[in-house]
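Report on one structure; see the data block that follows.
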Amino acid sequence: MNPPTPPTNQHTTVDLDGLRATVLAVMERQRIPGLSLAVTSSDRLLHHEVFGLADLATARPVTTATRFLWFSMSKVVTATAALRLADEGRLDLDAPVTTAVPSYTARGRRGRGPEPRLRQLLDHTAGASNPLPLRWVRPAAAPDPADDEVHRLLRRARPTRRIGGQARYSNLGYLLLAEAIAQAAGEPFEQYVQHAVLDPVGMHTTGYRHDPTGDHATGYVLAPRPARAVLRAALPAGIVADRHGDHVALHPFTVTGAGYGGLIGNASDAARLLRLHLADGTIDGRTVLRPETTRAMRTITTPGKPFDLGLAWFRRPADRTTRPGFVEHWGSGGGFFNLIRLYPDADLGVVIMANTTRRYDHDTIARSVHRRFAP
């Protein structure tokens with residue numbers, strides 16, 4: 001494995017050698033090609049260091065500019081956009097979903113029961129199912145999906161579980177939330193997020209489009225040789241690429257349904273999002289959310305499966321009594337597994353992005369960061 005690239009914004013009093021050893025041990029044990037690690041407080045980037053390869057075929061290293069598919073970490077940006085509209089009085093989170101998206105089929109299978117509220121989309125209690133989004137992707141060079149393709153997915157967002165009950169994670173719920181945001185903002189979802197969240201937060205290299213000239217990590221699936229044929233059958237044409245040792249590469253692709261998992265960006269941009277949330281909605285003197293709104297987002301109020309939920313931010317039920325306390329969001333899918341985590345009491349945020357499909361021991365890395373950077 002290649003040695004780590006020298007860090008930027010180094011925090012000189014920290015035992016970085018111990019942190020590097022932890023990261024490299026996890027990568028070697030779990031056969032991760034490349035990884036980008038960023039650490040931030042509410043007012044500045046504390047550390048950004050990269051490890052391994054962005055592309056195995058060319059031995060191209062990960063750099064601090066390397067972009068990764070965010071997948072479900074995008075939900076925190078989607079929620080931030082919704083809460084900004086709510087702060088401005090343009091979106092009533094306690095209104096029925098049908099008031100924002102009239103085409104939504106609000107009732108359950110038998111046409112009875114309460115209508116879900118917009119707030120329940122945020123905390124995954126709106127009753128929407130969560131089908132495996134295997135084919136909700138397309139090659140990066142393919143045209144944008146037709147509106148009817150997204151609407152076909154939205155039709156599947158009607159309640160199939162008890163509304164207002166236990167939180168049950170749902171990608172479909174966030175697709176529906178993105179549609180509500182677009183209706184309230186009076187413009188396409190991606191356009192609104194760009195000028196309402198990404199631009200004011202300073203996330204200038206993050207967006208919903210693949211830039212073919214940019215520095216992108218290649219996504220990999222660690223799989224036995226017969227699995228390549230299975231992947232080609234499961235994923236849309238043009239996604240599965242060549243094998244490199246035990247890893248199957250994926251061609252660049254984008255996600256159908258930006259609101260649940262469509263962002264592409266680097267770890268330092270993700271750290272800026274964490275800065276915003278650690279600083280209660282303000283970054284570089286610019287207010288994006290009210291302090292009370294930002295704190296409400298990271299307050300875990302709803303028990304669930306597989307996560308307990310706030311408004312987008314979550315934690316596993318197994319971590320309810322873990323100290324130091326934290327909230328987080330994962331972003332996983334074909335080729336990538338990422339984490340953003342907030343330790344609010346320590347004014348510390350951690351970003352881990354890796355070009356591997358398989359879940360790895362990100363918790364060990366995050367805890368190693370906390371031990372070294374927490375005051």
Side-chain angles (χ1 to χ4, degrees), residues 70-106 115-128 130 133 136 144-145 147-159 169-201 203 206-209 254-265 273 276-277 281 287-290 293-294 296-298 309-314 329 331:
W70 280 41
F71 286 114
S72 284
M73 290 195 324
S74 306
K75 290 183 176 70
V76 177
V77 171
T78 300
T80 301
L83 271 295
R84 180 163 192 179
L85 285 169
D87 278 354
E88 295 169 351
R90 300 165 65 189
L91 187 65
D92 181 359
L93 298 181
D94 295 313
V97 174
T98 49
T99 62
V101 188
S103 60
Y104 172 60
T105 302
E115 292 189 27
R117 309 288 159 161
L118 289 164
R119 187 181 303 276
Q120 293 171 320
L121 298 176
L122 284 157
D123 68 8
H124 297 276
T125 60
N130 192 39
W136 302 8
D144 289 346
D147 287 345
D148 58 355
E149 184 176 350
V150 176
H151 290 155
R152 176 179 56 80
L153 293 175
L154 286 173
R155 283 196 294 272
R156 301 172 67 183
R158 64 184 176 82
Y169 191 86
S170 173
N171 290 317
L172 287 173
Y174 268 71
L175 282 178
L176 190 57
L177 181 62
E179 184 67 17
I181 289 168
Q183 294 292 331
E187 59 184 307
F189 169 77
E190 295 175 21
Q191 182 175 307
Y192 175 74
V193 170
Q194 185 68 52
H195 71 75
V197 180
L198 301 180
D199 287 345
V201 177
M203 299 168 65
T206 298
Y208 296 100
R209 309 284 174 170
T254 55
V255 171
T256 300
Y260 92 90
L263 283 172
I264 305 167
L273 179 69
L276 175 79
H277 282 269
T287 297
V288 177
L289 292 175
R290 294 175 180 169
T293 299
T294 317
M297 286 184 67
R298 63 177 186 255
L309 268 298
L311 301 180
W313 293 106
F314 62 60
H329 210 294

Task: Spacing of Arg298 atom CZ and His329 atom NE2 [to the nearest 0.5 Å] - done: 16.0 Å
Open item on the list: How close do Asp92 and Leu118 get, counting heavy atoms only, and between which atoms?
Closed with: O-CD1, 3.2 Å
Task: Sole residue of Leu91, Leu289, Val193 in side chain to side chain contact (heavy atoms under 4.5 Å, CB included) with Arg84 - done: Leu289
Task: Smallest separation among heavy atoms of Gln194 and Thr206, with atom names - done: OE1-O, 4.4 Å
TODO: Could you pull out all residues at least two apart from Arg90 that satisfy salt bridge (Lys or Arg N to Asp or Glu O under 4.0 Å)?
DONE: Glu88
TODO: Could you pull out the closest heavy-atom pair between Asn130 and Asn171, with the gap in Å?
DONE: OD1-N, 2.8 Å
Task: Pairwise distance CG(Leu122) to CE(Met297) - rounded to 0.5 angstrom - done: 7.5 Å
Task: Where Leu172 and Ala128 come nearest, the two heavy atoms and their spacing - done: CB-CB, 4.5 Å
Open item on the list: Counting C-beta onward and ignoring hydrogens, is there a side-chain heavy-atom pair between Tyr260 and Thr78 closer than 4.5 Å?
Closed with: no
TODO: Considering non-hydrogen atoms only, spot the tightest contact between Tyr208 and Phe189 and give its length.
DONE: OH-CE2, 3.5 Å
- [ ] Mind jotting down which residue pairs meet the salt bridge (charged side-chain N to carboxylate O under 4.0 Å, His left out) criterion with at least one end in residues 119-128? Sequence neighbours excluded, please.
- [x] Asp94-Arg119
Task: Spatial distance of atom CZ (Phe314) from atom CG (Leu309) [nearest 0.5 Å] - done: 8.0 Å
- [ ] Report the relative orientation of the aromatic rings in His277 and Trp313; use parallel for angles under 30°, tilted for 30 to 60°, perpendicular for over 60°.
- [x] perpendicular
- [ ] Heavy atoms only: give me the nearest Ala79-Tyr174 pair and the separation to one decimal.
- [x] CB-OH, 4.1 Å
Open item on the list: Please report the interatomic distance OG1(Thr294) to CG(Leu276), rounded to the nearest 0.5 Å.
Closed with: 6.0 Å
Task: Polar side-chain atom of Thr125 near backbone of Leu121 as donor-acceptor pair, under 3.5 Å - done: no
Task: CH2 on Trp136 to OG1 on Thr254, rounded to 0.5 Å - done: 14.5 Å
Open item on the list: For a side chain to side chain contact (heavy atoms under 4.5 Å, CB included) check, start with the C-alpha distance between Val201 and Val77, then their side-chain angles and the critical distance, and finish with the verdict.
Closed with: CA-CA 11 Å; Val201 177; Val77 171; over 6 Å; no
- [ ] Determine yes or no for a side-chain-to-main-chain donor-acceptor pair under 3.5 angstrom, with Gln191 supplying the side chain and Pro188 the backbone.
- [x] no
TODO: Name the orientation class of the two ring planes belonging to Tyr169 and His124 (parallel below 30°, tilted from 30 to 60°, perpendicular beyond 60°).
DONE: parallel
Open item on the list: A side-chain contact here means heavy atoms from C-beta on lying under 4.5 Å apart; do Met203 and Leu273 qualify?
Closed with: yes
